[in-house]
Amino acid sequence: MHLDKRGMAAHAACDLAELMSQIGDGRWAGTTTTVADILGRQPRSLREFLG
């Protein structure tokens, strides 16, 4: 893994790689009702927010 070769701890590099994999497969793409419950408006996806 190239991150550990650049000085990142091996366990942190593995954790980051796993997180990036999960983000890439869309696992974290959903929204919840928390924003609407707290702010009184509909939530936006990260894609909409960054759009």
Side-chain angles (χ1 to χ4, degrees):
M1 186 173 295
H2 72 278
L3 294 173
D4 57 349
K5 291 179 184 173
R6 295 176 149 254
M8 182 178 278
H11 69 278
C14 287
D15 289 348
L16 183 57
E18 176 63 24
L19 177 61
M20 294 296 106
S21 174
Q22 292 174 5
I23 290 170
D25 73 15
R27 184 175 320 196
W28 299 102
T31 57
T32 67
T33 63
T34 303
V35 170
D37 296 343
I38 294 172
L39 300 179
R41 65 172 176 79
Q42 291 301 308
R44 295 180 286 176
S45 67
L46 182 58
R47 184 180 305 269
E48 291 169 326
F49 176 75
L50 296 175

Exercise for the section: Check whether any side-chain N or O of Ser45 sits under 3.5 Å from a backbone N or O of Glu48 as a donor-acceptor pair, and report yes or no. Expected result: yes

Exercise for the section: Mind listing the closest non-hydrogen atom pair of Ala13 and Asp4 along with its distance? Expected result: CB-N, 4.1 Å

Handout entry: Considering all heavy atoms, the nearest Trp28-Leu19 contact
Key = NE1-CD1, 4.3 Å

Exercise for the section: Can you measure from CD (Glu18) to CD1 (Ile23) and round to the nearest 0.5 angstrom? Expected result: 10.5 Å

Handout entry: Criterion side-chain contact (heavy atoms from CB on, under 4.5 Å) on Val35 and Gln42, from CA distance to verdict
Key = CA-CA 7 Å; Val35 170; Gln42 291 301 308; over 6 Å; no

Practice task
Using a cut-off of 6.0 Å, state whether more than 12 heavy atoms not belonging to Arg47 lie near its atom CZ.
Solution key: no

